[in-house]
Colleague: 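There's a structure below that I have some questions on.
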Amino acid sequence: MATQALVSSLSSSVETARQILGARPLQSPIGSSRKGSLVVRAASTPPVKQEADRSLWFASKQSLMYSDGSLPGDYGFDPLGLSEPEGPGGFIEPKWLAYGEVIDGRYAMWGAVGAIAPEILGQAGLIPPETALPWFRTGVIPPAGTYNCWADPYTLFVFEMALMGFAQHRRFQDWAKPGSMGKQYFLGFEKYLGGSGEPAYPGGPLFNPLGFGKDEKSFKDLKLKEVKNGRLAMLAILGYFIQGLVTGVGPYQNLLDHLADPVNNNVLTNLKFH
């Protein structure tokens, strides 16, 4: 019985992973004398139907074979072919990539605000100077500086990893089987976790308390705005990292320095191109 349960569990996990990787079910080699072969199919599918007023950004003929603009922020830009079902990105399910972009964009928007907020609040005198630290000196990168919280940075990191791992696991379960979180007991909150059938936009009183996007048009517009701002936030986070490495100060202080003396405080001077 234990062996059967283990095999069943492993089979379920493998099948779920295959859904993400976009793989096809494997045929059992037992009882088959044919040798395995790798089949590469040429893209013979004609370009998908495009909307008449759709904007395209550096779209290629190949990307328009599968990019139809149905996803928020889809402008046909896919130089690496990551969203092509049978191309270079075919080892990952395109729907998972689109879903991941939305989720990562949300994390980045929160992170971009959270990383710069202590500097702004400190400059305004709203928080004590000892807490108005650049993001990289709060314990995120211990060698760059730490702050004495209720635990050391390494303990906080492990604690955060455990919490985020739990949240990400449940999010993954909901993506693999939409609505499943509404059927698992979760301290009485499961009744709010049933979702909408679209994992990236669960809605409900917990995830959309103000009831935005009540009609299809406004919902579509909000999806587009969210993915645009998410992409901008991801670039902002990348900028924070580069600025911290190059200048040694936080992004808000970089902005103040540039406004005070734009000639001597800019990208070129910081990179010593002067």
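Computed from a predicted structure; not experimentally measured.
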Colleague: Donor-acceptor pair, Asn208 side chain versus Gly204 backbone, under 3.5 Å?
Modeller: no

Colleague: Is it the case that Ser218 and Asp221 place a side-chain donor and acceptor less than 3.5 Å from each other?
Modeller: no

Colleague: Between the main-chain N or O of Phe241 and the side-chain N or O of Gln243, is there a donor-acceptor pair closer than 3.5 Å?
Modeller: no

Colleague: Which distance, rounded to the nearest 0.5 Å, do you find between the CD1 of Ile103 and the CH2 of Trp96?
Modeller: 8.5 Å

Colleague: Mind checking whether Phe212 and Phe207 sit in one hydrophobic cluster, side chains of I, L, V, M, F, W, Y counted as touching below 4.5 Å?
Modeller: no

Colleague: Just how far is it from atom CG of Asp257 to atom CG of Asn270, taken to the nearest 0.5 Å?
Modeller: 8.5 Å

Colleague: Same cluster for Met181 and Phe186 if Ile/Leu/Val/Met/Phe/Trp/Tyr side chains link at under 4.5 Å?
Modeller: yes

Colleague: List the steps and the verdict of side chain to side chain contact (heavy atoms under 4.5 Å, CB included) for Asp68 and Tyr66.
Modeller: CA-CA 6 Å; Asp68 59 359; Tyr66 52 86; over 6 Å; no

Colleague: Going by heavy atoms in the side chains, are Tyr240 and Ile116 under 4.5 Å from each other?
Modeller: yes

Colleague: Applying salt bridge (Lys or Arg N to Asp or Glu O under 4.0 Å) to Arg106 and Glu101, what does each step give before you reach the verdict?
Modeller: CA-CA 9 Å; Arg106 290 171 184 168; Glu101 182 184 34; over 6 Å; no

Colleague: Does the Lys NZ or Arg CZ of Lys223 fall within the cation-pi geometry relative to Tyr201 - under 6.0 Å from the ring centre and within 45° of the axis?
Modeller: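 Flagged: Lys223 positioned over aromatic ring of Tyr201.
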
Colleague: Please answer: with hydrophobic residues joined when any side-chain heavy atoms are less than 4.5 Å apart, are Leu126 and Val113 in the same cluster?
Modeller: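 As far as the 4.5 Å side-chain criterion goes, Val113 and Leu126 are not connected within one cluster.
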
Colleague: Test your reading of the model: is there a side-chain donor-acceptor pair from Ser83 to the backbone of Pro94, 3.5 Å cut-off?
Modeller: no

Colleague: Is Glu226 reaching over with its side chain to a backbone N or O of Leu222, donor-acceptor style, under 3.5 angstrom?
Modeller: no

Colleague: Quick one: does Arg171's side chain get under 4.5 Å of Tyr99's, heavy atoms only?
Modeller: yes

Colleague: Same cluster or not: Leu206 versus Leu210, using hydrophobic residues (I, L, V, M, F, W, Y) connected whenever any side-chain heavy atoms lie under 4.5 Å apart?
Modeller: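 They do not share one cluster, since no chain of ILVMFWY contacts under 4.5 Å joins Leu206 to Leu210.
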
Colleague: According to the interplanar angle, ranging from 0 to 90°, do the rings of Tyr192 and Phe189 count as parallel (below 30°), tilted (30 to 60°) or perpendicular (above 60°)?
Modeller: tilted

Colleague: With a 4.5 Å cut-off on side-chain heavy-atom distances among I, L, V, M, F, W and Y, is there a chain of contacts connecting Val227 to Leu71?
Modeller: no

Colleague: Look at the rings of Tyr75 and Trp57 and say which category their plane angle falls in: under 30° parallel, 30 to 60° tilted, over 60° perpendicular.
Modeller: parallel

Colleague: Which distance, rounded to the nearest 0.5 Å, do you find between the CG of Leu133 and the CD of Glu119?
Modeller: 9.0 Å

Colleague: In terms of side-chain heavy atoms, does Thr269 have a donor or acceptor partner in Asn264 at a distance below 3.5 Å?
Modeller: no

Colleague: How many angstroms lie between atom OG of Ser63 and atom CG of Leu80, to the nearest 0.5 angstrom?
Modeller: 11.5 Å

Colleague: Are side-chain N/O atoms of Arg170 and Gln173 paired as donor and acceptor at under 3.5 Å?
Modeller: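 Arg170 vs Gln173: no donor-acceptor pair found between side chains.
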
Colleague: Quick one: does any side-chain atom of Asp261 pair with a main-chain N or O of Asn265 as donor and acceptor, under 3.5 Å?
Modeller: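 No, Asp261 side chain to Asn265 backbone: no donor-acceptor pair under 3.5 Å.
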
Colleague: Taking C-beta and beyond as the side chain, do Glu190 and Gln184 meet within less than 4.5 Å on heavy atoms?
Modeller: no

